[in-house]
**Student:** 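Below you will find the structure I want to go over with you.
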Amino acid sequence: MIEQELKQHIAQALQQLYQVQAATEQISIEPTKSDFKGDFTFVVFPFLKQSKKGPEQTANEIGTYLSSHCALVSSFNVIKGFLNIELGNSVWFDFLHQHYQQPLFGFAPANSASRVLVEYSSPNTNKPLHLGHIRNNLLGYSVAELLKANGHTVFTCNLINDRGIHICKSMLAWIKAGMKDTPENTGKKGDKLVGDYYVAFDKQYKSEMKALVEKGMTEEEAEKNAPSILEAQVLLRKWEAGDSETIAIWKKMNGWVYDGFDVTYKKLGVSFDKYYYESETYLLGKDMVKEGLDKGVFFTKENQSVWIDLTADGLDQKLLLRADGTSVYITQDIGTAELKYKEFACDKSIYVVGNEQDYHFKVLQLVMQKLGKPYAPGIYHLSYGMVELPHGKMKSREGTVVDADDLIDEMIATATETTAALGKTEGLTEAALKELNETIALGALKYFILKVDPRKKMLFNPQESIDFHGNTGPFIQYTHARIRSVLRNAGAINAEELNRNEVQLHEPEKKLLELLYQYPATIKDAGQQMSPGVVANYTYEVAKAFNHFYHELSILKESNTHQRLFRIMLCTLTGHVLKSAFGMLGIQVPERM
RNA sequence: GGUCCCAUAGCUCAGCUGGAUAGAGCACCGGUUUUCUAAACCGAUGGUCACAGGUUCGAAUCCUGUUGGGACUACCA
C-alpha cells in the first residue's frame, strides 16, 4: 500500500527532524483535493507543537526529507500547513500493470472464520410488496454482497410473517366471497389477489365500525366489537388449534402469495439461502420464554402474562407472552434467533429492518443477553429510513402505496421508450433488446435507491420518473458500454510491450488512476459502514472521470503505440471496476446500449 | 410526558473518525458532434451548512441549548 509506505516515511521524518515518536496510525494522509497539485496530502498542524516551527517550515522540512528518503515521492509543494506529495509516474504504472485485468481487484481474501447471516425482506403474507420492501430487498442483497467482498462468509435468509390475525383477515374475506377466485381463474398474481381480499376485509370492517359508532359506541369499542374482527379472531383460534380446514385454506392462500413474491424477487434479482416461517419458529420462542422464567430473568404478572423488566437498561417493561399464552411479535423473533444460530453458527446476525423497529431490536438484543446467549452481542439491526412520498408516508388505506411490480413495469416501459428514441441498438435480437431494457430499468431503480445512505429516510416522487441522466444507474451503465465498445474495437493487446518511457501521464489519466486506486479502500469503507451508497457514489466519480478522460484524449486514434496501449489498459481496469462495483449493488452492466 | 433519529443550493442527495475556497445531479441559461457510443462533455447561475452558544491553530463535522420535522413508547405484526 502506497499510503502505508508514505506514513512510515513521515514517521521517520518526524523522528529524525523533531525527535517525535508517532505511530503510523496517528499520521493521516488523504488524497489531495483536485484543486491542488499532488497525489496525497499530509496535514502538519497536529505536529506543530512538537516541531516548534511554523506550519510552512515544518511542511517544507518533512517534504524535503521525503523527497530524499522515499523512492515513491517525486516532488512536493506546501500550501499553509498542507504538504502535498506528488508521486513518481512509475507508482501509477506499477499499479495499473498489476491490476488492470485482475478479476478480484479490490476484494479482500475470503475468510471462512467470519460468518455473517443477513436477514432481509421479511414480508407479511397478506399484501403485495411495495416501494418500502424494494428498499429493504435491495439493501439486504447489496449489504450481503459488500460483506462478501470484504472477505466474510455470508448467508442470507428471509423470515416470513405467515401467521397471525392479518392473514386471517384475507382468509375470512375470501371465504365470505365464496372461495371461488384463484390466481389461475382470475389471471391475477397470487399476492395481489390475497391483497385484494385484505382490502375487502378492511372495507367491510370499517363500515361495520362506522355503524356501531352511529349507534353510540366509542371508536375503541367499535374496533373491538365489529363482527368482522370477531370472526377473524375465531379463525385465528381455529388456526392455532390446528383445525384442518382452516389450515388448508391458510396453506393455499399463503402458497399463492409465495408464488407472487417469487416473481417479484426474481425481477429484483434477489434470493435467499434459507426461508424461515414464523409459524415454525414461534413455538420455540414460547419455550425460550419459559426458559427465561425458570432462570428468573422474566416475570409473570397476576393475569399470567410474561414480561421482562428493562427499566434498568433505560427501557420499559416489555410483554413477551400474552395472558392467554399466545405469542406476540417478539416471541417468534426470540425463537428465530436461536434457530438461526443453531443452523448457521454465525458470529454476526444482521437484521435489515426499518428504523421504526429500533426499539424492538434493542429489546431483542437485551432479551438474548439476559438469557445468556453467546450470540447476543452479534445481533445487529441495520436500521434503514422509510421511503416517503411527497405527501408523507405510504398508507395502503389511502391508496398511496407504490406497488413494487407496477413501479418496475413503469421503469421498463420508460427504458424501452428511451432506448428506442436513441436508436443505437440496431442489430440486437428482440430478446436481447428486452433484456437490455430490463437491465437499464432495474439499474435506474436500484441505483436511485441505493445511492442514498441507508440510515436516512428518502423521498420518492412518483410524478417525476426516475432520471436516466447525471448521477444515475444508466449513466454508469452507459459509461461501461462505451468502454466495452472501445475495447471491442481495440482487439487484443499485449501489456508486456508497454514502454513506460514513451508514455506521458496527462491530468485526466492520472485523475482516473487515482480514483481506481481508491477502489479497495472504498469496498472496505462501504463494508464497515454497511452502506451501498458509498460504492454507488464512488462508481459515479469513476464514471465521470472516465468520461472526462474519454472526451479529452483519444484512445484508439492515438499515434504513439505505447500511449495507446496504456490507455487501453486504463479502459480495461475502469470497465472492470464499474462492473465489479455495480455487481455489489446488484446492478448489471450492458456491453452496449 | 419519555426515548431515539433527522435538518446542507429551488428540488433530490454527497461531504460528518475536525483540515485548504462546502460538492454533485436535476431544474434554469449558454456552448461542444466531418473524430473511439451526445444516456456524453465544457461553462454560467444558485449557500447565514435550521438558530444560538461552547471546545481550538481550525467546526457543516464534536459538545450544550433552542426551534422545526419524523419514528417509537400496543396483550398489532
Side-chain angles (χ1 to χ4, degrees), chain A residues 28 30 32-36 41 43-46 48-49 55 79-82 84 122 124 126 161 163-167 278 301 303-307 314-316 318-330 332-333 354-360 362 383 385-386 388 390 392-393 415 418-419 421-422 424 440 444 448 451-453 455-461 464 466-479 481-490 533-534 536-538 540-541 543-544 546-558 567-568 571 592-593:
Chain A
S28 76
E30 47 205 83
T32 302
K33 301 218 170 183
S34 50
D35 303 340
F36 301 92
T41 297
V43 183
V44 301
F45 287 112
L48 293 184
K49 275 185 185 148
I79 297 168
K80 295 188 225 170
F82 299 91
N84 297 322
S122 306
N124 289 340
N126 61 330
N161 294 305
R163 64 166 283 278
I165 192 77
H166 54 88
I167 181 66
E278 188 191 328
K301 289 198 176 174
N303 67 359
Q304 296 306 304
S305 55
V306 181
W307 297 72
L315 305 180
D316 302 317
K318 183 79 188 170
L319 176 87
L320 301 177
L321 218 50
R322 291 193 191 100
D324 61 6
T326 58
S327 70
V328 289
Y329 178 45
I330 198 161
Q332 58 82 20
D333 252 347
N355 63 10
E356 59 202 349
Q357 292 190 33
D358 286 354
Y359 185 81
H360 171 79
K362 270 185 202 165
S383 162
M386 297 290 102
E388 291 182 0
K393 274 189 81 172
T418 310
T419 304
L422 287 169
K424 293 196 245 181
I440 295 169
F448 178 84
K451 77 173 174 187
V452 180
D453 184 333
R455 286 153 191 90
K456 292 191 175 176
K457 67 174 186 216
M458 65 177 294
L459 194 118
F460 177 80
N461 189 342
E464 298 168 14
I466 293 175
D467 213 324
F468 287 14
H469 302 270
N471 188 359
T472 66
F475 168 79
I476 289 149
Q477 290 173 321
Y478 171 76
T479 306
R482 227 180 188 187
I483 291 170
R484 295 304 305 161
S485 172
V486 169
L487 293 177
R488 275 194 301 274
N489 292 331
V534 171
N537 287 306
Y538 166 79
Y540 174 62
E541 292 300 321
K544 223 169 33 161
F546 178 83
N547 282 321
H548 178 70
F549 154 73
Y550 180 90
H551 188 261
E552 294 292 308
L553 304 163
S554 62
I555 301 159
L556 300 177
K557 298 205 166 126
E558 169 59 46
R567 286 180 186 161
I568 292 170
C571 285
R592 52 179 290 197
M593 68 186 270

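A quick note: this is a predicted structure, and the numbers were derived from the prediction, not measured. Quick note: numbers below take in every heavy atom, side chains included, and nothing from hydrogens, waters or symmetry partners. Order of the sequence lines fixes the chain letters, A, B, ..., with proteins taken first and strands second; residue numbering starts at 1 for each chain.
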**Student:** In dot-bracket form, how is RNA chain B paired, counting a Watson-Crick or G-U wobble pair only if both its distances are under 3.5 Å and using | for bases paired to another strand?
**Tutor:** (((((((..((((.....[...))))..((((.......))))......(((((..]....))))))))))))....
**Student:** What's the gap between B:A50 and B:U67 when it is taken at their C1' atoms, as a whole Å value?
**Tutor:**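 Each nucleotide's C1' atom is 8 Å from the other's.
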**Student:** Judged by modelled atom types alone, do A:T41 and A:N84 share a side-chain donor-acceptor pair under 3.5 Å?
**Tutor:**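 Present: a donor and an acceptor within the cut-off.
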**Student:** Short question: side chain of A:T419, backbone of A:A415 - any donor-acceptor pair under 3.5 Å?
**Tutor:**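 Such a contact is found between A:T419 side chain and A:A415 backbone.
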**Student:** When A:F475 is tested against each of A:Y540, A:F546, A:F468 for ring-ring contact (aromatic ring centres under 6.0 Å, His included), which residue passes?
**Tutor:**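 Checked A:Y540, A:F546, A:F468 against A:F475; only one passes ring-ring contact (aromatic ring centres under 6.0 Å, His included): A:Y540.
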**Student:** With under 30° as parallel and over 60° as perpendicular, where do the rings of A:F460 and A:F448 fit, or are they tilted in between?
**Tutor:**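 A:F460 vs A:F448 ring planes: perpendicular.
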**Student:** If the cut-off is 4.0 Å, is A:H469 near the phosphate of B:A40, judged by side-chain N/O to OP1 or OP2?
**Tutor:**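 Checking A:H469 against B:A40: at least one side-chain N or O falls below 4.0 Å of OP1 or OP2.
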**Student:** Has A:R322 got a side-chain N or O lying under 4.0 Å from the OP1 or OP2 atom of B:A77?
**Tutor:**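 Answer is yes, contact under 4.0 Å.
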**Student:** Check whether any side-chain N or O of A:H166 sits under 4.0 Å from OP1 or OP2 of B:C76, and answer yes or no.
**Tutor:**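 Negative; the distance criterion is not met.
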**Student:** At under 4.0 Å, does any side-chain N or O of A:R482 touch on OP1 or OP2 of B:A38?
**Tutor:**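 Answer yes for this pair, as a side-chain N or O of A:R482 is under 4.0 Å from OP1 or OP2.
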**Student:** Output the rounded distance in Å from CD1 (A:I165) to C1' (B:A74).
**Tutor:**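 In whole Å, B:A74 C1' and A:I165 CD1 are 15 Å from each other.
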**Student:** Can you check each nucleotide of nucleotides 10-20 of chain B against protein heavy atoms at under 4.0 Å and return B for base, S for sugar-phosphate only, - for none, in 5' to 3' order?
**Tutor:** --SSS-B--BB
**Student:** Listed by chain and number, what are the side-chain hydrogen bond (donor to acceptor under 3.5 Å, both in side chains) partners of A:N471, not counting sequence neighbours?
**Tutor:**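 Only A:Y447 meet the side-chain hydrogen bond (donor to acceptor under 3.5 Å, both in side chains) criterion with A:N471.
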